[in-house]
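Worksheet: one structure, shown below.
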Amino acid sequence: MPPAQTPSRLRSQTPTRPRMAGASSSQGLHHPPSTLRSRPASSLSISHSAGGVKTPNLRRPMTPSTSNLRARAGANINGVTTPIRPRASMNNMRSQTPVNNSSTNSPPCYTGTIQVSIRPKPLNGINETWEIDDSFNTISNTDAGDFHFDNVFDPSIPNLEVYNRSVKPIISRCLDGYNGTVFAYGMTGSGKTYSMQGTDYEQGLIELAVWEIFDKVKQNSTTHDHEILCSYLEIYNERVFDLLDPESSSSLRGTFGSMVTKEELRIRDDSRYGVKVVGLREQVVSTPLDLMKTIEKGDTIRRTGGTDFNTRSSRSHAVLLIRINTIERATGVEKFATLSLCDLAGSEKATTQQERRKEGSYINKSLLALGTVISKLSYQSAGSQQPYSLNSSHIPYRDSKLTRLLQPSLSGNSVVSVLCTIHLSSTTIAETVNTLRFASRAKNVTLNAKQNEISGLHTVTGSDKDRLIAQLVKENEQAKRELMELKENGMFDSPARPSTDDSDRVAQLNAENTILMEQLEHMKRLTESPRLESLADHNEALQSLITFDVRGNRNEFQDCIRSIDKTHKDQLAEIEELKSYVAHLEGQLKSSRYNMSLRNVSAVADDIMDTASDGKDEVSLENIIKDQEEEILELKVTISSKDSIIKALRSAGKVRETLKNREDSRENDENATPGGESKTVLKPLGSRLNGLFSRS
Ligand SMILES: Nc1ncnc2c1ncn2[C@@H]1O[C@H](COP(=O)(O)OP(=O)(O)OP(=O)(O)O)[C@@H](O)[C@H]1O
C-alpha cells in the first residue's frame, strides 16, 4: 500500500477545491457574526429531556455579554478578526467511556450515548428567536424552552471547528477498530450538505475526515498495513442505488424521478458488518485524492432539485461508507471498522411541484421512521415508560431503507455523532423545534460499540495468550510425567532407548532393522519348501489311504496308517511351533511400535524432530514392520489350512479306526464265512477326504 500523503502537501495539490485566503484554519474563516437576541433575565426556561418532554427549569437564563458574543462569533469588530475561542477542555466524546472487558474475554467496547451537536445556519438579519448560552451546550427559545446538547455551535463557526468537535474523535476510534457513524439531520436548506460536503471554498466534514484518516494511516505506516475501501450510495424514493456505478452515472446525469433507470440494490443482514447492501461497489483507495475524486464522481449522479427553501436541494439520503482495515505487522492483529458519513435529505413541508412532492413524501416518511426508531431507542435507553403510540419493545428498523441501513449503528455497535442543522428564523420555528426534539431523543440513545479485532495468525493477545501459555505449560508437564514413567519402567534402558544424538539414532535403527530382517528370514525358512514338501508327503499318504484297497496287503495298509500318524504328529508339532513363532513376532512388532512411539514422545519433548536425519531409517523400519505383518497374515492362513489338514487327519484317524475294526471283524468273518464288501464303505469316505483337501 503506498504511503499516504500528508494533508498539507496534498491540499496544495488539490485543484478542485480552491480555498479562500485564510480559510485553512478554523480561526481564519468566519461568517458574518450572528446577532443573538438576549432574553430577559427573569424568563422561565423549559428544559428538554428524552422525547422532547418539557420540564420547568428555574435556572436563571444567561444573558450573554457583548464581549462573549464577539468571542463566540469570531466577529470582525472594528476590522479585527477575533479568533473563535478554542474549547480544548470540551471533550466531545466524554460520554463515551472505554470499557475493558479483557477479564471476560470479550473485545473492549465503548459505552456512552449518541453525541449530538446543533449547527444553526447563519441568519440574514437579526436573530430574535433563539439564544445560545455561553457554554455552547444549550439553545433556548422563550416558548420552546431549553435544549441541552454536547455542542451548540455558533452560526459563524467554520466546518473545521464543527469537525474538530463532533467528528474528529470518531476517526481515531475507527482506526482503532470501532465503527463510526456521522449523520447530518435537519430541515431542507438548513446546511446539511454545506456541512458534510463543504463548498469550493471550505472543506466539508467528509473531506476533513478523509484527510484525517490518511494522515493517521501515514503515521502508522511503519508498523501497520492499511486497506481503505469506499462505497457510496443513495436512498432515493425508498430505493437504494450505487453512486459509484458508472452505468448509472452515464444514464442518469441530469435526470430525475421517472427517468431513473438505475439498478436498485437490496439490503441484507451480514455477520461482519451488521447489514450489507448486496452488489454495492467497493473501491480500494490509496490516497485522499483518490477517495475525494471517487466521492465527487458519486456526487455528480446524486439527485438534487430545487425546492422552496433550497435551489439545489438533496432529494436523496447519501451514505458514504469508508471501510478501514488495519493489520499490525508485528502481531498480525487485524482491526476493521466502517465509517458511515450520511448527508440526509431534508424534511420539508409540501411543495408546489409534483415531482418534489413525491420525493418529499418519501423523504418525510423515512425521516419519520428514523425519528420513531430514535424515540424508541431513547425510551429504551432511559428505561422509561413509552407513550401509548410507541408502546412496544419492537424497534422498527425495517420501516425504511434509511433505518435499515443505519440499524447496526443505531442499535449500538458504533460510535455515533449526529449533526442537526437548524434555521434560526422565526418563520421556521416549528421545524427547528422538531429538529431539536429529534436531537434531544438521539442524545439519550445509548451505545455499546465493540472493537472489531481479529487475532493474528502468528500471535495472540491478552487473555488468549495467557490461556495458550497455560495450556502449553500443562502439556509440557504431562509430557515430562510420561517420560519419567517410561524411565522408571526401564524403557530407556532397552536397546531402543532414544538418543538425542542423530548418529546414535541411525545406528540404533539399523540394529533394529538387522534383527527384524533376521527374524523375517527365519520366518521364511520356517514356511518355505521343506514344510510344503512334508505337507505334500502327507497328502500322498492320505491319497494312498483313500485309494487303498482294504482287500490288499494288510502290512502295507498298516504302514500307511503309521505314516499318516507320524505326519499328523509332525504337523501338530509344526503348527505349535509356528503359533509360538507368530506370537513371538507379534510381540516383536508390538515392542517395535512401542519403541517408535517412545522415540516420538522423546523427540517432541527434546525438540529433536527438527534436526532429525532425513528419516530413511524410520521409513525402512516401517516397511519391514509392514512386511512382517503381511508375513504374519500369510502364516495365519497357512496355520488355518493346517488346521483343516488336522481335521482331515483326525477324520482319517477315525477312518483308520473304522477300517481297523472292520479289518478285525473281517478276519473274524473270514474265519467264520469267506468274502465281504468293504469297498462300499470306503467310497463315501474317500470322496469326503477329497472334498476336504480341495477346500483347504
Ligand atoms: N453554515 C453555513 N454557512 C454559510 N452558508 C450556509 C451554511 N449552511 C448552509 N448554507 C447555505 O445554505 C444553502 C442551503 O444549504 P444546504 O444545501 O447545505 O442545505 P441542506 O440542509 O443540505 O438542504 P437540503 O436538505 O435541501 O439538501 C446553501 O447555499 C449553503 O451554502
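As the structure lists them, so they are numbered: ligands from 1, and atoms in each ligand from 1. The structure displayed is predicted, hence computed values, not measured ones.
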Going by heavy atoms, is G186 under 4.0 Å from ligand 1?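 Heavy atoms of G186 never come under 4.0 Å of ligand 1.
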Do any N/O atoms on [X] end up under 3.5 angstrom from N/O atoms on ligand 1?
{"X": "A345", "value": "no"}
{"X": "S195", "value": "no"}
{"X": "G189", "value": "yes"}
{"X": "T199", "value": "no"}
{"X": "P155", "value": "no"}
{"X": "K192", "value": "yes"}
{"X": "K121", "value": "yes"}

Does a donor on one side chain sit under 3.5 Å from an acceptor on the other, for [X] and [Y]?
{"X": "Y232", "Y": "Q283", "result": "no"}
{"X": "S414", "Y": "N179", "result": "no"}
{"X": "R119", "Y": "T421", "result": "no"}
{"X": "T113", "Y": "K443", "result": "yes"}

Please lay out, stage by stage, how R398 and D269 fare under the test salt bridge (charged side-chain N to carboxylate O under 4.0 Å, His left out). CA-CA 11 Å; R398 287 174 188 263; D269 288 318; 3.5 Å; yes
Nearest option to atom 18 (O) of ligand 1, as decided by whichever heavy atom of Y201, F153, Y194 sits closest: Y194
List ligand 1 atoms under 4.0 Å from G346, heavy atoms only on the residue side.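 Selected atoms, number and element: 25 (O).
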Under 4.0 Å from any heavy atom of M187, which atoms of ligand 1 are there?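 Result: 21 (O).
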Parallel, tilted or perpendicular, as decided by the 30° and 60° cut-offs, for the rings of Y185 and F438: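 If you compare the ring of F438 with that of Y185, the planes turn out parallel.
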So does R239 pair up with E264, basic N to acidic O under 4.0 Å?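 Looking at E264 together with R239, the answer is yes, because their closest N to O distance falls below 4.0 Å.
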Rounded at 0.5 Å granularity, tell me how far CG in N151 sits from CD in E161.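 Going from CG on N151 over to CD on E161, the span is 9.0 Å.
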Please work out, at 4.0 Å between heavy atoms, whether the side chain, the backbone, both, or neither of S190 comes within that distance of ligand 1.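 Both backbone and side chain of S190 come within 4.0 Å of ligand 1.
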